[in-house]
Structure formats: C-alpha cells, structure tokens
2 protein chains.
Amino acid sequence: MPTRNDARADRDFIAGLGKGLSVIECFDEENVSLGVSAVAARAKLSRAAARRCLLTLQRLGYAELDGGLYRLTPRVLRLGFAYIASNELPDLLQPHVDQLSGEIHESCSASILDGNEIVYIARAATKRIMTVALGIGARLPAHCTSMGRVLLAALDPAEAARRIAAAPRKAFTPHTVTRKEDLLQILQQVRQQGFCVIDQELEIGLVSIAVPIHNAAGKTVAALNIGTQSVRFAAADLPARFLARLKAAQKDLKPLINGPA
Amino acid sequence: MPTRNDARADRDFIAGLGKGLSVIECFDEENVSLGVSAVAARAKLSRAAARRCLLTLQRLGYAELDGGLYRLTPRVLRLGFAYIASNELPDLLQPHVDQLSGEIHESCSASILDGNEIVYIARAATKRIMTVALGIGARLPAHCTSMGRVLLAALDPAEAARRIAAAPRKAFTPHTVTRKEDLLQILQQVRQQGFCVIDQELEIGLVSIAVPIHNAAGKTVAALNIGTQSVRFAAADLPARFLARLKAAQKDLKPLINGPA
DNA sequence: CCGGATTGTGCGATAATCGCACATTCTTAG
DNA sequence: CTAAGAATGTGCGATTATCGCACAATCCGG
C-alpha cells in the first residue's frame, strides 16, 4: 500500500466530477424532478455545490430546468450508452436473447455483475412477468437472482464470500436465502452443476434458471436466464425444460466473445 | 439576454464536471479501451486534466485500469439508468413495444428526440433486420428515420427547420432525402397525415412506419415504429398493413402518459 | 540495443470552487 | 388576505483544489 500513491490519488481527485455524477444519480423513478435543496440533501452536498452542478449539467444539456425543478434529459443516455457501445457484450447477446425468447415464449435476459448487483444488458420479454419492470441497465441484488448466483459462483470463492458478506441480503420473500453460509454452499453447488435455479426468492410466483456465458478464453463474463411463472412451470422442472436451450446459446456465444471484458 | 446572468452562469460552471463527462463520452464501439493521451486528444483536454478525470472515474468505480488502458465499467450504466428510471416513458412503452412486436412478428421500437437525433428508449426485435444493432440509448439521425420525422413534425415548424438546417443530413442511401426544402415539405405532410413512412433512406432494404405518441395533454412525447424489410413489404403497403395497430397503441398509451415529459 | 511515444511525478502559481449570509420569490396555512 | 415558512437566486472574500509545464520512468517497435 503505497501511502505516497494514495496521497497522489487524493491530489488528483476532481471533486467536481464526483459531485456531478452523484447529482445525476440522485434522480430515479420516485424523483423525476428535483429542486436544488432536494438534490443537495440526496447527494450530500451543500446547496451551493448542488446548484453549481445542476447549472453545469443544464448548460451541457444533461439536465433541464422546469419551474424551479430540474430534470434529466435524454442526453444522459449518452453516458450509459458510452458503455453499451464500448462493450461488445450487449450487442452480441441481445439477438440471442431475442431469439431464445421468441422460440420458447418466455422472458429471457442477460446480465453482468457489478459489485453486489446484477445489471441487465440485454432483455426480451414476452409479457411483463414481474411487478417491477426491468429494462436495460436495471439492477437487482445478486444474492437472490439466478443470474447473480451464477456470476458470483464464477468469482474466486474468497471474493464471492466478501461480496456476499458486504451485501444487504434483504429477504424479498419467505423463500429468500439470506444466511451467508447457506449462500456460499449454494454457490458451490452452482459452480459444480453449471447452472442455477431460483424458486420465488425475489418475488412470489417467479421462477428462473440461469447459465454463465463464457468468452473464448473460458472466463465467465455474463449470465443468461429464462424467467417464468411458477404456475406455468415448477422450479424443479426448469432444467429439464430449458437447460438444453440455454446451454446451446452458451456454446454458440463462447467463440464470439473475445475480449477480457 | 441577461448578460449579468451569463456572467453568473460562467462563474458557477464546474469545469471538472464537464471535462469528466466528455471523458466518459470518449468511449465507444471503436474505442473500448483508451490511454491517457488518446482520451486527452478525443476530449480536447490537456493530458494532465484527462489523467485526473480518468483517475477520478476509476476511484469512483466508473472506469477501470487494465495495463495502461482505461475502460468503462458497468457502473456508468447507472448514469443512463438514472434517466430511464426517472422517466416513466421507457417503462410505459416497453410492454407495448414487446406486445406489438410479438403480435405482428416485426421489429418495433420507440424513441424520443434529442437535438437532431432520435434516441431509442424501448425496442423489441424479432430478428436483426439492420446491419447495425440498435439497443436502448442508440442514436440515429432524425432526418432520415420514420420516428425522427414524426418527432420533428411535432415541433414548432421554425424549430424543426432550425434543427434540420443544423443537422449534417448525410445521405445513407441513394434514397435519402437531404435537401432542406424537401424535408420541410415532407414534415408538413407527416404533420397532416399523422404518420411517416420511410423507404430505404437509412439502409437499403429497410422500410418503416412510425406514428407519434402523445401524452394525456396531447403533446407529442415519443414516436413508435415498425421496421421491416422491403422484400417482405413494399413501403407503400405499410400503412394498410400496420397503421391500424400503431394507431391503436397510440390511443392506448395517450391516457397513460401524464407529465410534460 | 536504441529511438519514439506514452505514462507517471513534482511543484508553484493561478484561478476556480466553496459556502456563508442576505435578498427574493413562492407556497402554505390560518 | 396576510403572514410564516421554505426554497431559490445572489454577492463576495478566502481557501484550496485544479492546472499544466517540465522532467523522469517506462513501454514498444525496429
């Protein structure tokens, strides 16, 4: 730990950039338009700083002012899109997700891991099966989702344990597994069998199955899943019903994915 | 023009934030990983400033360093998602887009206008019909797309003329209309008939039809389109084939969309 | 083994950011 | 209708964080 480097890092840290980004992240579904004070409170900035950020974002076209309330503009999509476009994964996966969903008439998604959360990078839904809508960029806790467990299982076990320990591990339903030891054991099992089935741990009535997606070098870079309703398929029946198709997609994709991603 | 206000705006402009955002936007499909110098050149910053931004982004988890080259992390999706989540439109539109696409077995998308470009906010594809992949957040010039013309037609005519004049108006195919006067006349027609058909102006073999989506107050806030291949449907047949469905969706959505968006 | 290019570092000067305190406007309640 | 409360916009001096140059270290290609 080079204390010299840390000092350097502190010197070279642009405070204004960090503040501005937190300001952008202040906005969400429940906070479509925010005033200066609200932003300051949410981003933990002084009102003056929040105001400066907002003014700057407005001047750059990332936010607009409407009667004292600020709101984000479509331009911020450029930022997220900078990632989507710079990463081949979403483009590669989306067609497969579309096709898979079309063939089996069930919802199908792909996601990657970011900390303790999975992030949707491709998605195709037959109809809305969950109460929450999950578009590209949506986040869900990793510990209680089929894709999340597949992705955690692909990590170094110590790292996986660390992330699980750090996660809130909220119980969304009575079925949600939240004990750290249980989760680690499940991860072990997922690692061995090469897929993961979730039985109503995120939402009652929702079951899903996921497999890892590997790049050409064999590293897990994403997860692919099929989600459906428990009234249509019992969780125990998912492997027999869908695993072959998921494995086929997994195999098709592997040679197409180059980078270390 | 309050010259006093401008001075104030200049004072309150956080340079670091603007620089950081341009740095993020440096990354795209052809530039997945960039070095400090490359970023500096692209964002038109001094190397020192670019380096500081990169370091800051890395510390905040928006970028990662891999052997001298920086790359964006999935975390930047949070930024774009701040917009998606804060705007009801994508969530409202996506299910309709999915359903429409499922029913008619053609690709279906929704987009909004940002300057001279349309931005995809919802999408469902049967198979990949275009050479380019268009995910959420993808941008296309407004002047030569069906949704773009519908959205431009909804603007104040003077404003539409201004944006068209400002746009590059590249001719993607021999069919692309690029003359300003012709485009304005087409807009007039679109405004009257309430929809727009494009015949291979963006890509040879690609035809599409779009209608505006209105909010409850009657203001156009998005566009909805169906795209297919000219070998399957002639452009002239699109209205008879698809307009009724699009209009139905338009009508269904209108009462659901509240805000001034 | 040696250019050429790129990255990392140190440092002083400058100017940009900060946040307080006040004036102003808008909203809410009585 | 008026007054209290809250939130926004403004001015300004001090501080400190940002800037970019110039040099050292490193990587890459010939």
Side-chain angles (χ1 to χ4, degrees), chain A residues 1-24 26-27 30-60 62-72 260, chain B residues 1-24 26-27 30-60 62-72 86 259-260:
Chain A
M1 302 77 233
T3 150
R4 182 68 146 287
N5 256 353
D6 278 3
R8 173 78 197 191
D10 279 349
R11 299 175 62 77
D12 287 351
F13 187 82
I14 297 185
L17 177 50
K19 293 180 185 177
L21 295 175
S22 354
V23 167
I24 293 178
C26 279
F27 295 86
E30 290 101 42
N31 305 286
V32 181
S33 326
L34 294 171
V36 175
S37 299
V39 168
R42 249 168 245 283
K44 291 172 186 169
L45 300 173
S46 72
R47 280 214 313 281
R51 183 180 149 73
R52 262 184 278 274
C53 287
L54 255 1
L55 244 28
T56 302
L57 290 173
Q58 182 188 10
R59 243 174 82 117
L60 294 173
Y62 293 98
E64 60 190 7
L65 180 55
D66 175 42
L69 283 310
Y70 289 86
R71 154 186 334 178
L72 297 179
Chain B
M1 36 263 347
T3 149
R4 181 69 144 287
N5 259 351
D6 279 2
R8 173 80 197 188
D10 279 350
R11 299 174 63 77
D12 288 350
F13 187 82
I14 297 185
L17 177 51
K19 291 180 185 175
L21 294 174
S22 354
V23 166
I24 293 178
C26 279
F27 295 86
E30 291 101 43
N31 304 285
V32 179
S33 326
L34 294 170
V36 175
S37 298
V39 168
R42 245 168 247 284
K44 292 174 185 169
L45 300 174
S46 73
R47 279 212 314 282
R51 183 180 147 73
R52 262 184 279 273
C53 287
L54 255 0
L55 244 29
T56 302
L57 290 173
Q58 182 189 8
R59 244 174 82 114
L60 295 174
Y62 293 98
E64 60 191 6
L65 180 53
D66 175 42
L69 281 311
Y70 289 85
R71 157 186 331 172
L72 297 180
S86 78

Problem - Whole-Å distance separating the CD atom of Gln58(B) from the C1' atom of dT7(C) - result: 14 Å

Completion exercise
For Cys53(A) and Val23(A) the tightest heavy-atom approach is CB-CG2, 3.8 Å

Exercise for the section: Measure from NZ on Lys19(A) to P on dT16(D) and round the result to the nearest Å. Expected result: 13 Å

For nucleotides 5-8 of chain D, which of its nitrogen or oxygen atoms have a protein nitrogen or oxygen under 3.5 Å away, and what is each distance?
from: dT8(D); atom 1: OP1; to: Val36(A); atom 2: N; distance (Å): 2.6
from: dT8(D); atom 1: OP1; to: Ser37(A); atom 2: N; distance (Å): 3.3
from: dT8(D); atom 1: OP2; to: Ser37(A); atom 2: N; distance (Å): 2.9
from: dT8(D); atom 1: OP2; to: Ser37(A); atom 2: OG; distance (Å): 2.2

Problem - Atom-to-atom span, CD1 of Ile14(B) to C1' of dT18(D) - whole angstrom - result: 13 Å

Handout entry: Any Leu54(A) side-chain heavy atom under 4.5 Å of Arg51(A) side chain
Key = no

Handout entry: side-chain hydrogen bond (donor to acceptor under 3.5 Å, both in side chains) partners of residues 30-46 of chain B, not counting sequence neighbours, each pair once
Key = Asp28(B)-Asn31(B), Asn31(B)-Arg42(B)

Problem - Axis bend over the full length of the helix from dC1(C)-dG30(D) to dG30(C)-dC1(D), computed from five pairs that close each end, to 10 degrees - result: 60°

Handout entry: Spacing between Leu45(B) atom CG and dC19(D) atom P, to the nearest angstrom
Key = 9 Å

Exercise for the section: Identify the two heavy atoms, one from Tyr70(A) and one from Gln58(A), that lie closest to each other, and give their separation to 0.1 Å. Expected result: CE2-OE1, 3.9 Å

Fill in the blank from the handout: Smallest heavy-atom separation, Ile24(A) atom then Leu72(A) atom, equals O-CD1, 3.9 Å

Check the interface with nucleotides 27-30 of chain D: list each N/O to N/O pair with the protein under 3.5 Å, or write none.
none

Exercise for the section: Kindly indicate whether the side chain of Ile14(B), heavy atoms from C-beta on, has any atom under 4.5 Å from the side chain of Leu17(A). Expected result: no

Practice task
Kindly point out which of dG8(C), dG9(D), dT17(C) is positioned nearest to the side chain of Tyr70(A)?
Solution key: dG9(D)

Completion exercise
Assign each of Ala15(B) and Ala48(A) the nucleotide of DNA chain D bearing its closest heavy atom; nearer the 5' end lies the nucleotide of Ala48(A)

Exercise for the section: State which residues pass side chain to side chain donor-acceptor pair (under 3.5 Å) with Tyr62(A); sequence neighbours excluded, sorted by chain then number. Expected result: Glu25(B)

Fill in the blank from the handout: When rounded to whole Å, the CZ to C1' distance for the pair Phe13(A) and dT17(C) reads 15 Å

Problem - Integer-rounded Å distance: dC19(D) C1' and Leu55(B) CG - result: 15 Å

Exercise for the section: Write down the distance between CZ (Arg52(A)) and P (dT10(D)), rounded to a whole number of angstrom. Expected result: 13 Å

Exercise for the section: Decide yes or no for Val39(A) and Leu45(A): does some side-chain heavy atom of the first lie under 4.5 Å from some side-chain heavy atom of the second? Expected result: no

Problem - Spacing between Arg59(B) atom CZ and dA17(D) atom C1', to the nearest angstrom - result: 14 Å

